[in-house]
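Throughout, a chain's letter reflects where its sequence line sits, starting with A, and its residues are numbered from 1.
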Amino acid sequence: MSGFELIEGGASPIKAWTRGVPIEHQAMDQLRNVASLPFIHSHVAVMPDVHFGRGATVGSVIPTRGAIIPAAVGVDIGCGMMAVQTSLTANDLPDSLFALRREIERKVPVGNGPGGDFKESPASAVSTLKAGLAERLERILARHPKIRGDKLAKQLGTLGGGNHFIEICLDEADRVWVMLHSGSRGTGNLIGTYFISEAREMLMKRELGWHMPDRDLAFFLSGEPMFDDYVEAVGWAQDYAAANRRVMMDRVLIAMREALPPFQLGRTAVNCHHNYVEQETHFGETVWLTRKGAVRAGEGDLGIIPGSMGAKSFIVRGKGNADSFCSCSHGAGRTMSRAEAKRRFTLDDHVAATAHVECRKDSGVIDETPMAYKDIEAVMAAQADLVDIVHTLRQVVCVKG
DNA sequence: ATGTCC
């Protein structure tokens with residue numbers, strides 16, 4: 001059952017695609033706070049994977065007129081997904097996928113800390129930086145020296161940690177896909193952290209004629225120098241994140257060419273953000289649209305909705321639903337905090353839930369176990385009016401940081 | 001999410 005539920009009462013309404021999926025009361029309070037801001041354009045849209053998040057609710061779409069909320073975008077600026085189809089099928093994969101997983105881990109640094117960075121940047125990263133990314137960051141750093149750019153080159157093409165992953169998947173016709181999830185790494189994090197803190201300092205000096213419900217919703221206003229600087233920096237981090245995914249995909253494909261029979265890339269390749277802000281036109285007005293854990297689903301747009309480590313993932317095509325600001329969910333959505341998942345589930349539970357996947361099965365990934373996430377089928381059913389399913393993928397290898 | 005902690 002899809003379609004939105006209308007929640008009224010704030011300055012702006014909330015339209016929530018949450019039929020048949022739980023919505024935490026903590027997340028609801030957060031959404032009401034966002035909807036009370038005077039610069040919301042039309043309404044706030046809520047995706048079925050909604051859950052409480054730092055700054056703003058994960059799974060929300062926030063249109064702002066003449067203002068931008070850096071904490072709504074968050075620190076994982078440009079985080080998103082990339083997927084490519086290959087000409088390989090399940091029959092081309094070896095019985096044991098362990099060696100393939102190890103080969104990918106050799107080609108792509110994973111995890112946080114020094115081991116998660118390249119010792120030496122690969123050629124694809126160097127040429128990507130030379131094509132303009134490095135120079136653009138220098139211009140930003142010249143005005144904002146508190147942001148450090150020294151991780152730039154050694155992290156372009158690296159995975160990171162948390163819920164970031166690389167997967168080898170099979171679609172409904174047993175065709176092999178590569179899918180990965182990552183963002184703008186340390187540099188994007190520094191940019192986000194810096195501007196969030198600047199917005200907070202400015203908030204303390206503002207004289208508002210209205211009630212600010214949450215200091216995490218501190219904003220820049222169009223016309224302020226910081227507004228323009230944030231737009232430039234967040235745009236840079238989003239481009240860096242997309243480039244990070246492309247360089248990483250190149251590296252994964254190199255690993256696959258070493259471990260598997262020769263193959264070609266299929267027609268379908270998708271690279272989409274699900275944590276970002278950009279200008280878009282909705283209901284006749286050009287506004288700033290923040291998708292926090294949401295994917296653009298304009299008519300014909302391809303997107304990626306991954307399930308958890310053991311669940312299905314989906315390549316989707318947007319229907320251009322205006323009330324959702326042409327958006328869809330970015331995944332299944334957590335049902336519990338990482339801490340709660342670690343309390344609730346044992347390593348045996350996790351091993352049983354991921355029996356069909358070549359992946360890490362140690363206590364360090366219990367917070368990412370499938371049971372800590374919503375049922376992806378229910379999440380897809382709740383957004384049937386936002387996207388069509390083009391491909392259904394099941395993972396056979398999952399690499400995590 | 002993150003050179004994750006002042």
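Between the side chains of A/Trp17 and A/Asp385, at least one donor N or O sits under 3.5 Å from an acceptor N or O. A side-chain donor-acceptor contact under 3.5 Å links A/Ser327 and A/Arg291. Neither side chain, A/Tyr230 nor A/Glu198, offers a donor N or O lying under 3.5 Å from an acceptor on the other.
Residue A/Gly160 is classed as a sugar-phosphate contact, given heavy-atom separations below 4.0 Å to backbone atoms only. Residue contacts shown for A/Ile77 are absent, as no nucleic acid heavy atom lies under 4.0 Å away. Within 4.0 Å of A/Asn189, counting heavy atoms only, lies at least one base atom of the nucleic acid. Across all strands shown, A/Arg54 has no heavy atoms under 4.0 Å from either base or sugar-phosphate atoms. Across all strands shown, A/Gly162 has heavy atoms under 4.0 Å from sugar-phosphate atoms exclusively, and none from any base. As judged by a 4.0 angstrom heavy-atom cut-off over every strand, A/Gly161 is placed among residues touching the sugar-phosphate backbone only. Within 4.0 Å (heavy atoms only), A/Gly186 reaches sugar-phosphate atoms of the nucleic acid but no base atom.
Between the C1' atom of B/dT2 and the CG atom of A/Asp150 lies a distance of 14 Å, rounded to the nearest Å. Regarding A/Ile147, its CD1 atom lies at a distance of 16 Å from the C1' atom of B/dG3, rounded to whole Å. One interatomic measurement links the two molecules: CG of A/Leu159 to P of B/dT2, which rounds to 8 Å at whole-angstrom precision. In this structure, CG of A/Asp367 is placed 18 Å from P of B/dT4, rounded to the nearest angstrom. Protein atom CG of A/Leu190 is 10 Å distant from nucleotide atom P of B/dT4, rounded to whole Å. Spacing between atom CZ of A/Arg338 and atom P of B/dT4 amounts to 17 Å, rounded to whole angstrom units. Rounded to an integer number of Å, the gap from NZ of A/Lys154 to P of B/dG3 is 15 Å. For A/Ile196 and B/dT2, the CD1 to C1' distance is 12 Å, given to the nearest whole Å.
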State the dot-bracket string of DNA chain B. Criteria: Watson-Crick or G-U wobble, both atom distances under 3.5 angstrom; notation: ( ) intrastrand, [ ] crossing earlier pairs, | interstrand, . unpaired. ......
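For A/Gln155 and B/dT2, the shortest distance from a side-chain N or O to OP1 or OP2 is not below 4.0 Å. Contact annotation: A/Asn112 reaches the phosphate of B/dT2 (side-chain N/O to OP1 or OP2, under 4.0 Å). Between B/dG3 and A/Arg148, no contact under 4.0 Å exists linking OP1 or OP2 to a side-chain N or O.
A salt bridge is defined here as a Lys NZ or Arg NE, NH1 or NH2 lying under 4.0 Å from an Asp or Glu carboxylate O, and A/Glu232 with A/Arg143 meets this definition. Salt-bridge check for A/Lys400 with A/Glu368: passed, with a basic side-chain N closer than 4.0 Å to an acidic carboxylate O.
Here the straight-line distance linking atom CD1 of A/Ile315 with atom OG1 of A/Thr392 works out to 9.5 Å at 0.5 Å rounding.
Only one option out of A/Thr290, A/Ile196, A/Asp216, A/Leu37 pairs with A/Ile69 in a side chain to side chain contact (heavy atoms under 4.5 Å, CB included); it is A/Leu37.
With sequence neighbours left out, the ring pair (Phe, Tyr, Trp, His ring centres under 6.0 Å) criterion links A/His391 to A/Trp177.
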